[in-house]
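To keep things clear, I will list the structure first and then write my remarks on it.
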Amino acid sequence: MLELGASQPTGAAEDVPQPGAPGDHKPLEPVKVADFQALAAAKLPKATYDYITTGSADEITLRENVAAFQRIRILPPLLTGVANADLSTTVLKQVIRLPILLAPVAGQQMYHPQGALAAARAAAAAGTVYGVSSSVGHSVEEVAAASQGPKWFQLYVPKDRTVARRLVERAERAGYQAIIVTVDMGEWKDADRRNRFALPKEVLIKHLRDIGFTQITNAMSYQEVLDFNAQAWDLTLSWDFFDWLRSITKLPLLIKGVLRKEDATKAVSLGLDGIVVSNHGGRRLDGMPASIEMLPEIVAAVGGRAEVYMDGGVRRGTDVLIALALGARAVLIGRPYAWALGANGEAGVRKVLDLLREELLNAMVATGCAKVSDIRPTLLRRP
Ligand SMILES: Cc1cc2nc3c(=O)[nH]c(=O)nc-3n(C[C@H](O)[C@H](O)[C@H](O)COP(=O)(O)O)c2cc1C
């Protein structure tokens with residue numbers, strides 16, 4: 001299958017709906033993230049599309065993530081003499097070509113058969129980091145074999161610390177460059193409950209065995225596998241978990257799900273290397289504030305002692321500019337690339353990263369920023 005690549009001329013792709021006759025309102029070649037949402041909606045089973053797209057309960061946080069960006073104004077200085085911009089930066093001392101990372105997103109083999117392998121290759125092609133979910137659908141080793149690009153492993157913590165330890169060691173051995181521990185809780189997604197969304201038995205078995213739960217076999221009934229899954233994960237983590245994690249790995253450690261400056265300060269005091277300001281894309285406890293709203297006070301509290309990242313609601317290059325102006329080292333995107341993966345596999349993810357790169361480049365030139373470190377808070381007017 002000919003897939004849509006960054007360098008292909010418009011209209012070359014088989015999978016992308018083509019412009020039709022006047023009055024034909026089929027989606028055109030994607031020119032923005034929202035176009036990939038429409039393409040994914042048209043292509044994926046409804047329950048899968050809903051799983052990606054919806055948020056918890058009344059989706060207040062989901063909407064707020066996007067709306068909070070839209071309340072911030074950009075005030076560009078004129079005649080800055082900038083005609084091009086260098087989008088490269090460093091994350092955890094590693095040079096990347098784009099300050100936009102792929103956030104850990106579960107279940108990617110349901111969006112496209114190549115799933116995480118396709119996403120890993122697309123991130124590598126864009127010169128950025130792939131945050132690999134522990135529930136991604138492929139093992140750490142399979143994802144590592146798919147691309148040489150930088151990868152961070154996102155850990156959901158098995159109760160059995162022997163399994164947890166082996167998993168971290170496997171990620172380290174496979175060349176992952178950091179561990180992200182996701183700590184936010186409280187998922188309550190109406191759409192998933194209505195759709196009775198659940199992983200098929202064989203997918204769940206592969207996932208659990210990939211984690212290292214080798215006692216799970218095909219001989220078990222679906223209910224037995226579900227019961228095992230329900231009790232396998234540690235939902236009672238406390239801060240001392242990071243002391244344990246630090247004792248078993250040399251990799252840089254990030255905590256994902258931080259919204260309070262007190263928690264950011266605690267993370268810094270424990271020597272964590274990075275903080276991801278996140279409300280899980282509005283998929284956890286509804287009613288939490290937008291990540292971008294909490295970013296400035298967390299950046300201030302951290303005071304440069306760790307790197308601060310953010311995710312949630314990034315849909316445009318101008319959103320990236322805003323987040324970087326407010327002190328984020330880089331942003332992570334979730335749904336934008338999940339939709340693109342569903343719409344068109346690796347080529348889709350490449351294209352969505354391309355579009356955001358072009359939009360960010362345009363925003364940087366328009367604001368006189370020749371490099372990422374030129375992006376300052378003084379460019380913004382906030383309510
Ligand atoms: C379908 C889906 C699955 C997700 N799975 C995970 C996961 O396994 N681990 C995790 O830390 N975050 C997960 N997230 C949250 C993302 O890492 C990220 O925080 C969020 O998507 C950012 O918001 P955005 O979708 O508006 O970009 C998931 C998000 C989506 C959309």
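Numbering of ligands and ligand atoms starts at 1, following listing order.
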In this structure, atom 15 (C) of ligand 1 is nearest to the protein heavy atom His280 CD2, 3.4 Å

Nearest non-hydrogen protein atom to atom 11 (O) of ligand 1, with distance, is Thr182 OG1, 2.7 Å

Please could you name the atoms of ligand 1 that Arg315 approaches to less than 4.0 Å, counting only its heavy atoms?
24 (P), 26 (O), 27 (O)

Please could you name the atoms of ligand 1 that Tyr51 approaches to less than 4.0 Å, counting only its heavy atoms?
1 (C), 3 (C)

Do Asn279 and Asp184 have a side chain donor and acceptor closer than 3.5 Å?
no

Using heavy-atom distances only, which candidate in Ala103, Gly282, Pro104 approaches atom 13 (C) of ligand 1 most closely?
Pro104

Pick one of side chain, backbone, both or neither for how Tyr111 approaches ligand 1, counting any non-hydrogen atom pair under 4.0 Å.
side chain

With a 4.5 Å cut-off on side-chain heavy atoms, are Leu39 and Pro30 touching?
yes

Considering only the protein, which heavy-atom contact is closest to atom 7 (C) of ligand 1, and what is its distance?
Tyr156 OH, 3.3 Å

Closest to atom 19 (O) of ligand 1 among protein heavy atoms sits Asp311 OD2, 2.7 Å

A student checking ligand 1 against Gln154 at a 4.0 Å heavy-atom cut-off should list atoms 7 (C), 8 (O), 9 (N), 10 (C), 11 (O)

Can you list the ligand 1 atoms lying under 4.0 Å from a non-hydrogen atom of Ile52?
1 (C), 31 (C)

Nearest protein heavy atom with distance in Å, relative to atom 12 (N) of ligand 1
Lys256 NZ, 3.0 Å

Strictly by modelled atom types, are Tyr309 and Glu307 linked by a side-chain donor-acceptor pair under 3.5 Å?
yes

Subset of ligand 1 atoms that lie under 4.0 Å from at least one heavy atom of Gly312:
22 (C), 23 (O), 26 (O)

Non-hydrogen side-chain atoms of Val132 and Trp152 separated by less than 4.5 Å
no

Atoms of ligand 1 under 4.0 Å from any heavy atom of Ser278, numbered from 1 in the order shown, are 19 (O)

Just jot down the ligand 1 atoms closer than 4.0 angstrom to any heavy atom of Ser133, in number order.
7 (C), 8 (O)

Any side-chain heavy atom of Thr54 sitting closer than 4.5 Å to one from Leu62?
no

Among all protein heavy atoms, pick out the one at the shortest distance from atom 3 (C) of ligand 1; state its residue, atom name and that distance to 0.1 Å.
Ala106 N, 3.4 Å

Do any heavy atoms of Val314 fall under 4.0 Å from ligand 1?
no

For Glu202 and Tyr222, test the side chains for any donor-to-acceptor distance below 3.5 angstrom and give the result as yes or no.
no

Can you confirm if the aromatic rings of Phe213 and Trp233 lie within a centre distance of less than 6.0 Å?
yes

Below 4.5 Å, heavy atoms only, C-beta onward: do Leu321 and Met364 meet side chain to side chain?
yes

Checking Arg329 against Thr90: is there a side-chain donor and acceptor pair closer than 3.5 Å?
yes

Note: ligand 1 atoms sitting under 4.0 Å from heavy atoms of Gly313 are 24 (P), 26 (O)

Selected option - heavy-atom contact closest to atom 1 (C) of ligand 1, from Met310, Arg335, Arg284, Arg283:
Arg283

Checking side-chain polar atoms at under 3.5 Å, does Gln223 have a donor or acceptor matched by the opposite partner on Asp227?
yes

Ranking Gly257, Ser135, Gly281 by closest non-hydrogen atom to atom 20 (C) of ligand 1, top hit is Gly281

Looking only at protein heavy atoms, which one is nearest to atom 21 (O) of ligand 1, and how far off is it?
Gly334 CA, 3.5 Å

Lys189-Ser56 side chain donor-acceptor pair, cut-off 3.5 Å
no

Which atom pairs, donor and acceptor, lie under 3.5 Å between side-chain atoms of residues 254-263 and protein residues at least two apart or in another chain?
none

